[in-house]
Amino acid sequence: MFSLFYGLWKYMFSKTEFHVLILGIDKAGKTTLLEKLKSQYSNLEGLPPDRIVPTVGLNIGRIEVSNTKLVFWDLGGQPGLRSIWEKYYEEAHAVVYVVDAACPSRFEDSKSALEKVLRHEDLQGAPLLILANKQDLAQAVTAEEVGRYLDLKKLDERVYTFQAVSGYDGTGIKESVDWLVDSMERSKRTETLRARAGIANIGTA
Ligand SMILES: Nc1nc2c(ncn2[C@@H]2O[C@H](COP(=O)(O)OP(=O)(O)OP(=O)(O)O)[C@@H](O)[C@H]2O)c(=O)[nH]1
Ligand SMILES: [Mg+2]
């Protein structure tokens, strides 16, 4: 009986923790963005861009925003590593998809990788934030243009937005985090994941 109440108490009062998956093809700038985000939202210095290497495993970044904990999972985007992405879908509250807005020759690859992500049923209802990265470069196209290039169909029921960002100078990072927190708080998927975690807690308390 105690464990039942303890489980319920934990479910109702523990600080919300959201899991955000950062995806995108290799060199889109995912890890650089994560390091910038960490330095903007915590006392920790993020790694400078010249010390960041292509991701093979998983990078984790934790921040706290307005009484909410965000845990970012940054995965490698090289073609041979993309099959690992789906292992994280089930537990993710939202997806951040990073596009190198200064490299149109890779838009096609970026589009097909994203379409595959969106087709996966384990990500049903997850809010989607598409980042048009590297805005510090003169040749970068706008978030609207990235949207036109990606030309995503069947997004009607999904909560999504496009945002222009730069992992170098931090443009758009605050707007991105605000949008994520707000969307995840309102998301039905969050309710589902919370209920599932609550049941698991009750089971293990
Ligand atoms: N100019 C500019 N370059 C960037 C920016 N973000 C990343 N880069 C550069 O782009 C390259 C790839 O950056 P990463 O952060 O390693 O890219 P990634 O998406 O994590 O790549 P994988 O881990 O291989 O999937 C590096 O040379 C970065 O310095 C940016 O905002 N502006
Ligand atoms: Mg990386």
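When a ligand or atom number is given, it counts from 1 through the structure's own listing order. What you see is a predicted model, and the numbers here were worked out from it, not measured in a lab. What's counted below: heavy atoms across the whole structure, side chains too, no hydrogens, waters or symmetry copies.
Among all non-hydrogen protein atoms, the one lying nearest atom 4 (C) of ligand 1 is Tyr168 CE1, 3.3 Å. Scanning the protein heavy atoms around atom 11 (C) of ligand 1, the nearest turns out to be Lys134 NZ, 4.0 Å. Among protein heavy atoms, atom 19 (O) of ligand 1 sits closest to Lys30 NZ, 2.7 Å. In terms of protein heavy-atom proximity, atom 12 (C) of ligand 1 is nearest to Lys27 CA, 3.6 Å. For atom 17 (O) of ligand 1, the closest non-hydrogen atom on the protein side is Gly29 N, 3.1 Å. The protein heavy-atom contact nearest to atom 31 (O) of ligand 1 is Gly167 N, 2.8 Å. Nearest non-hydrogen protein atom to atom 32 (N) of ligand 1 is Asp136 OD1, 2.7 Å. With respect to atom 16 (O) of ligand 1, the closest heavy atom belonging to the protein is Ile52 CG2, 3.7 Å.
The Mg ion (ligand 2) has no N, O or S atom of Thr32 under 2.8 Å away, backbone or side chain. Among the atoms of Asn59, no N, O or S atom is found under 2.8 Å from the Mg ion (ligand 2).
The Gly76 neighbourhood of ligand 1 comprises atoms 25 (O), with distances under 4.0 Å to a heavy atom of that residue. Atoms of ligand 1 found under 4.0 Å from any heavy atom of Ser166, numbered from 1 in the order shown, are 31 (O). Counting atoms of ligand 1 from 1 in the listed order, those under 4.0 Å from a heavy atom of Thr55 are 22 (P), 23 (O), 24 (O). Counting the atoms of ligand 1 from 1 in the order shown, those under 4.0 Å from a heavy atom of Pro54 are 23 (O), 24 (O).
The pair Glu144-Arg148 does not meet the salt-bridge criterion, since no charged nitrogen lies less than 4.0 angstrom from a carboxylate oxygen. For Asp74 and Lys38, the salt-bridge test fails: no basic side-chain N is under 4.0 Å from an acidic carboxylate O. Asp122 and Lys87 are not joined by a salt bridge, as no carboxylate oxygen comes within less than 4.0 angstrom of a charged side-chain nitrogen.
For Asp50, the CG atom counts as densely surrounded, since its 6.0 Å shell holds more than 12 non-hydrogen atoms of other residues, nucleotides or ligands. Open room surrounds NZ on Lys27; 12 or fewer heavy atoms of other groups in view lie less than 6.0 Å from it. Surrounding CD of Gln124 are at most 12 heavy atoms belonging to other residues, nucleotides or ligands under 6.0 Å away. Open room surrounds OH on Tyr160; 12 or fewer heavy atoms of other groups in view lie less than 6.0 Å from it.
If you look at Val98 next to ligand 1, there are no close heavy atoms at all, none under 4.0 Å.
Between Trp85 and Leu21, the closest side-chain pair of non-hydrogen atoms is not below 4.5 Å. Between Arg106 and Asp100, every side-chain heavy-atom pair lies at or beyond the 4.5 Å cut-off. At a threshold of 4.5 Å between non-hydrogen side-chain atoms, the residues Leu33 and Val165 count as touching.
Judged purely by distance below 3.5 Å, without hydrogens or angles, the side chains of Glu35 and Thr32 never pair a donor atom with an acceptor atom.
Not a single protein heavy atom sits closer than 4.0 Å to atom 26 (C) of ligand 1.
The distance criterion of under 3.5 Å between nitrogen or oxygen atoms is not met by Gln78 with respect to ligand 1. At a 3.5 angstrom cut-off on N or O pairs, Ala28 counts as close to ligand 1.
Atom 14 (P) of ligand 1 has its nearest heavy-atom neighbour, among Leu75, Val99, Thr32, in Thr32. The option from Val56, Thr31, Leu137 that lies nearest to atom 20 (O) of ligand 1, judged by heavy atoms, is Thr31.
Using bins of under 30°, 30° to 60° and over 60° for the plane-to-plane angle, the ring pair Phe107/Tyr149 lands in the tilted bin.
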